[in-house]
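Nothing fancy with the numbering, it's 1 onward along the sequence.
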Amino acid sequence: MQFVTHDPDIPDALLQAHEEGRVVFFCALCDVQVDRFRHGRVLLASQLIAFFRVDRPWTEQHLLPLFGWSNPIEAKAAWEGFLWSPRLYQPLLTAFKPQFLDSANHYADLGEHRQQFATFLTYAALEPADGYTADEFRSAISALPQEGLEKSAQALSQAVESAADQSEDYWENRARPFWQQIWPKSRELATPRIAESLIRLVIAARGKFPAALAAVQDWLQPIEYPDYVVHLLNESGLCRRFPTEVLLLLDAVIADQPRVPHELKQCLDQIMEAAPNLAQDVSYLRLREYSRKF
């Protein structure tokens, strides 16, 4: 799935069709009274941004109404087409704002594309969006069920990870405001899958690790398979850079899982090298004993 903020290329066939005046044909496809044209409407929706750029008035009159949930069957078909390859295009986000935000209330109706919607919604909320408020995005994200929230948390962590060398700035300017202003506040929504995504987020935040951990720590809990996140910690250099905070993170996510992470001992060794004063810390002693026991 690709998310971009710049304009995608307009298919040549669409430009040619528009120039040759085949708009009447497209209008016929948009007639919701004709069920057999629904597959055609799915294809039109898959090129929504291109149509919007070629002929915005026509698109607003004929295509955008298909995304509204007053007709659930047509809305599901339209979103299916668009979510094949969703892109962030600011003018379109502004134009179909009501349909877009309301779709969070119809998450289950999106069928096999529902997770793509949760991801797309999260990326839209992370970007500066004209005409949208943090409260509106918060209401939409809060309307997602558990699966949608888990996908949203995953998208959030992937966004920070994708920022690479700019991850600290991305955390500070995009992810942190999202977490503080948009993410739901009820801890009852916390799940191990959300916790795993948040662990990856704070590791990806690099130099902002302590601040990121402090922001999300109430949502952390033991995860079933901590091997990969312990590997990320071991490779990141954070154990030596922020030993106290890393110990706090490890203590939160490692309980008595049957399989001890292979690199846990290396992380604990690095913590001890950086902060020998933690040798008698209760959390350190528990994790050290756990690593030896298994």
Side-chain angles (χ1 to χ4, degrees), residues 118-119 122-123 125-127 138 141 146 149-255 257 261-275 278 281 283-284 286-287 290:
T119 300
T122 303
Y123 273 79
L126 285 166
E127 297 290 333
R138 182 170 61 252
I141 295 288
Q146 176 180 317
L149 284 176
E150 290 175 348
K151 196 64 180 179
S152 178
Q154 182 182 55
L156 177 62
S157 69
Q158 289 174 341
V160 179
E161 290 174 333
S162 299
D165 292 341
Q166 303 299 316
S167 61
E168 294 180 14
D169 289 338
Y170 194 91
W171 158 257
E172 190 65 32
N173 298 313
R174 301 291 180 82
R176 183 182 61 81
F178 174 93
W179 183 259
Q180 292 179 342
Q181 301 172 22
I182 295 174
W183 186 259
K185 303 308 177 190
S186 174
R187 305 296 195 276
E188 296 179 358
L189 300 172
T191 68
R193 288 190 176 184
I194 290 177
E196 183 168 358
S197 293
L198 296 179
I199 296 165
R200 294 182 60 168
L201 181 154
V202 299
I203 295 172
R206 300 188 182 187
K208 298 294 183 179
F209 177 88
L213 177 61
V216 308
Q217 66 181 17
D218 288 342
W219 285 72
L220 300 183
Q221 58 183 268
I223 59 178
E224 186 174 4
Y225 302 108
D227 298 72
Y228 184 64
V229 295
V230 172
H231 167 73
L232 291 177
L233 275 172
N234 187 42
E235 295 292 319
S236 68
L238 294 170
C239 297
R240 289 190 174 90
R241 191 175 179 185
F242 305 111
T244 301
E245 290 81 3
V246 170
L247 182 60
L248 178 64
L249 174 61
L250 290 173
D251 187 53
V253 303
I254 295 179
Q257 292 93 334
H262 291 302
E263 298 175 58
L264 176 59
K265 181 180 182 301
Q266 291 94 312
C267 288
L268 294 175
D269 288 343
Q270 292 177 43
I271 289 172
M272 191 49 47
E273 292 171 8
L278 294 174
D281 184 275
S283 299
Y284 175 82
R286 181 185 73 82
L287 291 169
Y290 167 73

Minimum heavy-atom distance between Pro177 and Asn173, given as atom pair plus value: CG-O, 3.5 Å
Closest approach of Thr122 to Ser152 (non-hydrogen atoms, all atoms of both residues): OG1-OG, 2.7 Å
Verdict with reasoning, Arg240 to Val246, per side chain to side chain contact (heavy atoms under 4.5 Å, CB included): CA-CA 9 Å; Arg240 289 190 174 90; Val246 170; over 6 Å; no
Contact summary for Ser157 and Ser197, nearest pair of heavy atoms: CB-O, 3.1 Å
Flag, side chain of Arg138 to backbone of Gln181, donor-acceptor distance under 3.5 Å: yes
Closest non-hydrogen atom pair, Leu149 against Trp183: O-CH2, 3.4 Å
Spatial distance of atom CG (Leu287) from atom CG (Asp251) [nearest 0.5 Å]: 5.5 Å
Minimum-distance pair of heavy atoms, taken over all atoms of Ser167 and Val160: CB-O, 3.6 Å
Under 3.5 Å: donor-acceptor pair, side chain of Ser236, backbone of Leu233: yes
Aromatic ring pairing Phe209/Phe242, orientation class (parallel under 30°, perpendicular over 60°, tilted between): parallel
Straight-line distance of Leu268 CG to Asn234 CG, nearest 0.5 Å: 10.0 Å
Pair Leu213-Leu220, side chain to side chain contact (heavy atoms under 4.5 Å, CB included): steps then yes or no: CA-CA 9 Å; Leu213 177 61; Leu220 300 183; 3.7 Å; yes
Glu245 side chain vs Arg241 backbone, donor-acceptor pair below 3.5 Å: no
Heavy-atom pair of closest approach, residues Pro184 and Trp219: O-CZ2, 3.3 Å
Donor + acceptor pair across side chains of Gln146, Thr191 (<3.5 Å): no
Rounded distance [0.5 Å steps], CD in Glu161 versus CG in Leu156: 10.0 Å
Lys185 (side chain) donor-acceptor with Gln180 (main chain) under 3.5 angstrom: yes
Within 6.0 Å of CZ in Arg193, more than 12 heavy atoms from elsewhere: no
CZ-CZ distance between Arg174 and Phe178, expressed to the nearest 0.5 angstrom: 13.0 Å
Side-chain donor-acceptor contact under 3.5 Å, Gln270 with Gln266: no
Separation of Cys267 SG from Leu250 CG (nearest 0.5 Å): 6.0 Å
His231 side, atom NE2; Ile203 side, atom CD1 - distance, nearest 0.5 Å: 10.0 Å
Test side-chain contact (heavy atoms from CB on, under 4.5 Å) applied to Ala212 - qualifying residues, sequence neighbours left out: Trp171, Leu201, Val202, Ala205
Gln257 side chain vs Tyr225 backbone, donor-acceptor pair below 3.5 Å: no
